[in-house]
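To keep things clear, I will list the structure first and then write my remarks on it.
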There are 2 protein chains.
Amino acid sequence: MSSLRDFQARHDLSMEALCARILERHAATIRVKKPAVAIANLARIVETTLMLANRKGFHSTSLRDLTEQSGLSMGALYAYFDSKDTLLMMILGQVVGVVEEVLGHPPDGLANDPAARLRWLLRTHLFLTETMHPWFVFAYMEAKAFPKDGRDLAVSSEMMTEGMIANALADGVARGLCAVPDVTMAAALIKPMLQDWYVKRAKHRRRGITPDLYAEQLIAFVEAAVGLRRA
Amino acid sequence: MSSLRDFQARHDLSMEALCARILERHAATIRVKKPAVAIANLARIVETTLMLANRKGFHSTSLRDLTEQSGLSMGALYAYFDSKDTLLMMILGQVVGVVEEVLGHPPDGLANDPAARLRWLLRTHLFLTETMHPWFVFAYMEAKAFPKDGRDLAVSSEMMTEGMIANALADGVARGLCAVPDVTMAAALIKPMLQDWYVKRAKHRRRGITPDLYAEQLIAFVEAAVGLRRA
DNA sequence: AGATATAAAGCGAGCGCTCGCTCGATTTTT
DNA sequence: AAAAATCGAGCGAGCGCTCGCTTTATATCT
């Protein structure tokens with residue numbers, strides 16, 4: 001069974017790789033021409049933003065805090081975004097994009113094995129949020145407070161992953177592998193347990209729970225709940 | 001089995017009753033002498049604060065917004081709290097207090113019936129958060145961003161309810177009613193499903209899920225997960 | 001019962017300050 | 001020397017909060 005290390009070896013989710021994607025997406029806004037410079041500074045900006053916002057909230061983080069901690073000046077920051085909200089949307093958009101990319105393409109072998117697909121979904125979601133922890137905490141905590149676009153994006157992303165879980169369950173029911181009275185409801189109950197890993201990670205860490213351990217226990221819990229035999 | 005209506009008949013959680021308790025707790029700070037006046041205005045202040053803060057965040061809600069929507073002047077507001085943070089702590093403290101009061105005293109008959117006690121805990125938690133929905137959303141969304149006291153209070157309150165769930169599970173295991181590999185972990189998985197009811201209530205409502213329905217489905221899900229036979 | 005005195009409650013302009021953001025000057029790279 | 005990138009003082013708006021003043025409610029005295 002795949003571990004966190006395997007997952008991280010398969011996907012390049014380094015700050016540089018993620019910021020290269022942000023640069024592509026927002027080329028129209030970013031005024032800096034040389035990609036190498038732009039990516040390096042975006043990395044500094046995003047890293048600092050995530051750190052400060054996760055400590056005291058994005059709204060409470062001022063651009064002066066950001067200049068001090070990142071080492072860039074006010075004017076330099078505004079060569080990368082045209083408003084504070086745009087900075088938020090850059091990060092949020094990247095999170096949503098990665099979720100779609102990583103969770104949207106399960107391995108081919110799982111198409112006819114809903115139980116394995118469910119396990120893969122849960123495990124991959126946990127490993128992804130573990131690897132990009134500050135990004136997901138940011139998206140979860142800030143998405144609601146900001147522009148309508150952002151909220152809609154976050155909601156539709158959540159509905160997508162929830163839908164994939166519901167599909168795996170429905171597939172399992174259709175094949176007689178498990179009995180779930182309402183797959184939509186079951187998926188809606190499973191989602192917050194996935195989110196709890198990154199929202200309350202400090203608590204789980206304090207108890208000595210690693211990502212692999214959490215994955216194993218969550219999968220066992222869910223399989224028992226939906227009446228799937230253990231694999 | 002007890003319904004939401006039964007729950008609301010047993011506990012007076014009206015805005016007036018809750019604000020009377022806030023007045024008691026903060027008598028030292030509140031400069032208004034006549035309880036009737038103080039309670040009525042506190043109710044206006046708290047109601048408005050919850051509405052605005054849940055719409056756009058507490059930090060983004062200015063005291064000018066609050067004066068406009070509540071009909072009270074700047075000076076009048078400051079007769080009820082001495083800083084914006086104190087206003088936050090008033091609401092947060094009341095939420096924590098009610099949780100302790102309502103969940104901390106299960107009916108006597110349940111002491112020797114862990115399965116029934118677990119059901120009672122889940123159901124009561126859902127009904128409580130349903131009845132005081134804006135209060136709980138506020139506490140959940142804002143607690144992290146504000147003074148250390150507030151965060152500690154919220155964390156310890158969460159640990160308390162989680163502990164009560166874990167106790168019921170441990171009791172069930174000891175009596176051979178169910179098999180749970182790690183009761184702390186199981187309780188940690190159950191808690192976010194409880195919270196999801198109020199954090200994502202709009203989504204559940206859109207799907208036609210009532211509090212009673214959610215309670216029933218959640219209880220079934222949890223009982224299957226921990227291997228408890230249905231009652 | 002009406003007039004007066006005192007206390008309680010409410011008012012809102014204005015204070016000092018920080019915010020997001022701009023832009024002409026300056027430095028660095030090509 | 002031209003182009004690209006960075007700098008940071010300064011702008012107006014909006015923030016939490018104060019305080020001298022007015023209005024309303026209650027107690028006291030003819």
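Below, chains carry the letters A, B, ... as their sequence lines are ordered, and counting in each starts from 1. Everything numeric here is computed off the predicted structure, so don't read it as measured data.
A salt bridge between B:D152 and B:K148 is present, with a side-chain N of the basic residue lying under 4.0 Å from a carboxylate O of the acidic one. With salt bridges taken as basic N to acidic carboxylate O contacts below 4.0 Å, none links A:E216 and A:R123. Using a cutoff of 4.0 Å between basic side-chain nitrogens and carboxylate oxygens, A:E16 and A:R21 are not scored as salt-bridged.
Rounding to whole angstrom units, NZ of residue B:K33 and P of C:dT6 are separated by 17 Å. Here the C1' atom of nucleotide C:dC21 and the CG atom of A:L63 are 8 Å apart, to the nearest Å. Straight-line distance from the CG atom of A:L52 to the P atom of C:dC19: 12 Å, rounded to whole Å. Taking atom CD1 of A:I30 as the reference point, atom C1' of D:dA5 lies 14 Å away to the nearest angstrom. The CG atom of A:L77 sits 10 Å away from the C1' atom of D:dT6 (whole-angstrom rounding). Going from atom CD1 of A:I45 over to atom C1' of D:dC7 covers 14 Å, rounded to whole Å. Distance A:H59 NE2 to D:dG16 C1': 13 Å, rounded to the nearest Å.
If you check every strand for non-hydrogen atoms under 4.0 Å, A:T86 touches nothing. Among the atoms of the strands shown, only primed sugar atoms or phosphate atoms (P, OP1, OP2) are found under 4.0 Å from some heavy atom of A:N41. As judged by a 4.0 angstrom heavy-atom cut-off over every strand, B:F81 is placed among residues making no nucleic acid contact. Residue-level contact check: B:T67 touches neither bases nor backbone, having no heavy atom under 4.0 Å from any strand. Using a 4.0 Å heavy-atom criterion, one finds that A:S60 contacts no nucleic acid atom at all.
When each of A:M74 and B:G75 is assigned the nucleotide of DNA chain D bearing its nearest heavy atom, the one mapping closer to the 5' terminus is A:M74.
You'll find that the side chain of A:A76 is closest to D:dC7, out of C:dC21, C:dC11, D:dC7. The nucleotide whose nearest atom lies closest to any side-chain atom of A:L72 is, among D:dC17, D:dC7, C:dG20, D:dC7. Picking from C:dT30, C:dA13, D:dT6 the nucleotide with the shortest atom distance to the side chain of A:V37 gives D:dT6. When distances are taken from the side chain of A:V32 to each of C:dC11, D:dT6, D:dT18, the shortest belongs to D:dT6. With D:dT18, C:dT29, C:dG10 as the candidates, the nucleotide lying closest to the side chain of A:K34 is C:dT29. Residue B:S73 has its side chain nearest to C:dG10 when only C:dG20, D:dC7, C:dG10 are considered.
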Query raised in the report: Passes side-chain contact (heavy atoms from CB on, under 4.5 Å), B:L153 versus B:D149? Steps please.
Result: CA-CA 6 Å; B:L153 197 64; B:D149 304 359; over 6 Å; no
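Within 3.5 Å, a donor on the side chain of B:R64 pairs with an acceptor on the base of D:dG16, or the reverse.
B:K84 forms a cation-pi arrangement with B:F58, by the criterion of a distance under 6.0 Å to the ring centre and an angle within 45° of the ring axis.
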